[in-house]
S.K.: 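Below are the structure tokens for one structure; questions will follow.
Reminder, nothing fancy here: chain letters follow the sequence lines and each chain counts from 1. Only heavy atoms go into these numbers, but all of them, side chains included; no hydrogens, no water, no symmetry mates. Note that the structure is a prediction, hence the values are computed from the model and not measured.
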Amino acid sequence: MPETPITIEADSAPTVKFADFGLAPEILRALTDQGYIHPTPIQAAAIPIVLQGRDVMGAAQTGTGKTASFSLPIIQLLLAHANPSMSPARHPVRALVLTPTRELAVQVAENVKAYAQHTPLRSTVVFGGMDMKGQTVILKGGVEIVIATPGRLLDHIEQKNVSLGQVQMLVMDEADRMLDMGFLPDLQRIINLLPKKRQNLMFSATFSPEIKKLANSFLTDPATIEVARSNATADKVTQIVYKVADEAKRDVVEFLIRGRDLKQVLVFSNTKIGASRLSRHLEQGGIKATAIHGDKTQQERMAALDAFKKGEIDVLVATDVAARGLDISDLPCVINFDLPYNAEDYVHRIGRTGRAGASGDALSVFSDKDERLLVDIEKLIKQTITRGELAGFVASSGSSGSGARGEAGGERRPRRDEGAGGARSSGRAPERERGGERSFGAERGAASGRSGPYPRREKVDPWFLTPYEPAKKSAPVAVEQVGASAKPKQKIAVLLGGSPKQ
DNA sequence: AAAAAAC
């Protein structure tokens with residue numbers, strides 16, 4: 001496939017204004033209401049293309065302004081083309097946005113609502129975990145734009161609360177994530193209910209082979225827009241990893257949080273139980289913390305997110321439900337209580353910090369048995385992460401086996417944190433009862449020699465073998481953004497081998 | 001091995 005990459009220089013973007021796109025005055029008003037004048041690079045690239053009615057395959061992470069890049073032109077197009085439907089009251093849904101998680105759906109819906117506030121267009125969000133009734137009333141009342149998670153949408157469809165026969169535009173947000181989560185069959189079912197003639201926009205963090213297949217099935221002659229990964233791993237984020245014994249991770253994370261004056265910290269755990277336990281542990285230590293994960297009720301999830309955003313709590317302990325998409329931005333610090341099994345997720349997680357020009361710290365604790373994960377991560381981000389040492393702690397290497405050098409025999413090295421340039425995290429040691437240095441060795445018989453290889457995850461979905469509708473070919477437009485601000489010289493390839501290759 | 005998502 002011959003591509004003609006168009007490179008957009010980062011500093012060229014601000015010269016364009018939203019006002020240059022020919023958007024309706026109502027939309028521009030909503031934008032100026034919120035102080036938006038200049039589009040981000042992906043917006044500058046995508047908006048004109050979407051306005052042309054073309055399908056788009058966009059690779060962009062959260063924080064790049066992705067949501068506006070599809071919502072603004074959608075609103076514009078819906079405004080411009082009067083509803084051709086004979087009975088607008090019965091089948092008014094004309095644009096459908098699908099997202100993998102409920103929180104992301106809510107967030108996208110909030111944006112759409114804000115952008116469309118001065119227009120007559122109605123929008124709503126439907127997702128699981130909540131009572132069907134309220135959603136049903138709104139759907140039946142008629143809305144032009146629906147933002148939904150797939151499962152609940154299908155539920156509404158089955159109950160005939162909504163009909164999608166008039167949908168002109170479909171957006172699949174975080175498509176890669178939807179695949180990961182096994183939403184393919186649901187997507188297929190939903191798409192089969194849509195008119196054949198429609199505009200499709202698909203966004204994904206990467207262009208994996210699976211995503212390309214999905215694009216081939218669902219998109220027609222798509223323009224390809226690729227934006228550099230967020231600068232998460234660039235200079236602005238100080239990354240440090242601390243190697244500690246497994247049982248010590250909890251205390252080390254607490255130590256790190258305290259060392260940061262309890263400023264808003266997002267902590268990631270690989271498991272729901274781990275997230276709950278850690279949050280409870282922190283609370284017991286007097287830290288205002290809450291957990292967010294899939295076993296919490298939707299009310300709890302929303303309350304937790306809300307409280308964190310408002311600053312009512314200082315620490316949010318999350319599973320990967322919060323790794324992507326969520327607009328928890330500009331955090332000063334993200335901590336990985338566990339290294340993610342999926343190296344990609346590391347990038348997503350730490351992308352919560354150091355955004356929009358701010359600097360940030362991404363700290364991770366790991367133990368022997370996770371060495372392999374760290375290797376994968378460093379390979380992906382193409383850099384070696386600083387090994388940090390903690391003042392007052394001895395990070396035992398507890399080499400597999402028994403690693404008997406605990407506090408008793410082990411040499412103590414109460415080091416001032418020195419490496420880790422700019423590691424403000426070293427801060428002061430907590431003044432709690434623990435007093436001086438502690439040794440987190442393998443005294444409890446850590447990691448008993450288990451170090452098998454980590455199986456690679458590979459999911460093959462047979463459904464892929466039957467393309468929904470063969471896509472026609474033509475020269476796709478490829479747009480690349482050079483790493484914003486930092487070093488204009490280094491191109492995308494450097495930013496996270498997310499596989500820009502073909 | 002884990003997470004997410006419909007009831």
S.K.: I want to check one thing: is the phosphate of B:dA1, taken as OP1 and OP2, less than 4.0 Å away from some side-chain N or O of A:K369?
M.R.: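 It does not, given that no N or O in the side chain of A:K369 lies less than 4.0 Å from OP1 or OP2 of B:dA1.
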
S.K.: Are A:R250 and A:E254 within salt-bridge range, i.e. N to O under 4.0 Å?
M.R.: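 The answer is no: the pair does not qualify as a salt bridge.
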
S.K.: Round to a whole Å and report the spacing from CD of A:E344 to P of B:dA4.
M.R.: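 Interatomic distance, CD of A:E344 to P of B:dA4: 19 Å.
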
S.K.: With a cut-off of less than 4.0 Å, is there a side-chain N or O of A:T319 near OP1 or OP2 of B:dA4?
M.R.: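 Indeed, a polar side-chain atom of A:T319 lies that close.
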
S.K.: Does the pair A:I42 and A:F203 meet the rule for a side-chain contact (heavy atoms from CB on, under 4.5 Å), with working shown?
M.R.: CA-CA 11 Å; A:I42 189 177; A:F203 293 88; 4.2 Å; yes

S.K.: Checking contacts here: which listed nucleotide (B:dA6, B:dA4, B:dA2) is nearest the side-chain heavy atoms of A:T101?
M.R.: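 Per side-chain heavy atoms of A:T101, the pick is B:dA4.
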
S.K.: Starting from C1' on B:dA5, measure out to CG on A:D173 and report it in whole angstrom.
M.R.: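 Interatomic distance, CG of A:D173 to C1' of B:dA5: 16 Å.
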
S.K.: List in chain and number order the residues that pass side chain to side chain donor-acceptor pair (under 3.5 Å) with A:N270, two or more places apart in sequence or in another chain; answer none if no residue qualifies.
M.R.: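 Partners of A:N270 by the side chain to side chain donor-acceptor pair (under 3.5 Å) criterion, ordered by chain and then number, come out as A:R349.
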
S.K.: Take atom CG of A:D376 and atom P of B:dA1, then tell me their distance rounded to the nearest Å.
M.R.: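 Value for this atom pair: 16 Å.
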
S.K.: Find the distance A:D186:CG to B:dA6:P and express it as a whole number of Å.
M.R.: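 My rounded result for the distance is 9 Å.
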
S.K.: I want to verify a distance call: between B:dA3, B:dA5, B:dA6, whose nearest atom is closest to the A:R189 side chain?
M.R.: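 So the nucleotide nearest the side chain must be B:dA6.
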
S.K.: Select from A:N270 and A:Q298 the residue whose nearest nucleotide in DNA chain B is closer to the 5' end of that strand.
M.R.: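 Closer to the 5' end of DNA chain B: A:N270.
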
S.K.: Please tell me which of the listed nucleotides, B:dA5, B:dA6, B:dA3, lies nearest to the side chain of A:F127?
M.R.: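 Selected nucleotide (nearest to the side chain): B:dA6.
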
S.K.: Quick one: list whatever passes salt bridge (Lys or Arg N to Asp or Glu O under 4.0 Å) with A:E378, sequence neighbours left out.
M.R.: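 If we apply the salt bridge (Lys or Arg N to Asp or Glu O under 4.0 Å) test to A:E378, skipping adjacent residues, the hits are A:R387.
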
S.K.: When you get a sec, tell me which of B:dA5, B:dA1, B:dA4 is the closest nucleotide to the side chain of A:F183?
M.R.: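 Looking only at side-chain atoms, A:F183 lies closest to B:dA5.
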
S.K.: Hey, does the side chain of A:T149 come within less than 4.0 Å of B:dA4's phosphate (OP1/OP2), counting only N and O?
M.R.: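 No.
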
S.K.: Report yes if at least one side-chain N or O of A:R177 is closer than 4.0 Å to OP1 or OP2 of B:dA4; otherwise report no.
M.R.: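 A:R177 to B:dA4 OP1/OP2: no side-chain N or O under 4.0 Å.
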
S.K.: Charged N to carboxylate O under 4.0 angstrom, A:R177 versus A:E344?
M.R.: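 Looking at A:R177 and A:E344, the cut-off is not met.
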
S.K.: If the cut-off is 4.0 Å, is A:R301 near the phosphate of B:dA5, judged by side-chain N/O to OP1 or OP2?
M.R.: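 Yes, because at least one side-chain N or O of A:R301 sits under 4.0 Å from OP1 or OP2 of B:dA5.
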
S.K.: Write down the distance between CG (A:D176) and P (B:dA4), rounded to a whole number of angstrom.
M.R.: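 Value for this atom pair: 17 Å.
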
S.K.: Base, sugar-phosphate, or nothing for A:D320, non-hydrogen atoms under 4.0 angstrom?
M.R.: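 Counting heavy atoms under 4.0 Å across all strands, no contact is made by A:D320.
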
S.K.: Give the nucleotide from the list B:dA4, B:dA5, B:dA6 with an atom nearest to the side chain of A:H293.
M.R.: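 Selected nucleotide: B:dA4.
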
S.K.: Measure the distance from CD on A:E103 to C1' on B:dA4 and round it to the nearest whole Å.
M.R.: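 To the nearest whole Å, that distance equals 10 Å.
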
S.K.: B:dA6 C1' sits how many Å from A:M132 CE, rounded?
M.R.: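 The answer, rounded to whole Å, is 8 Å.
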
S.K.: Can you check the A:L187 CG to B:dA5 P distance for me, whole Å?
M.R.: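 Those two atoms, CG and P, are 15 Å apart.
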
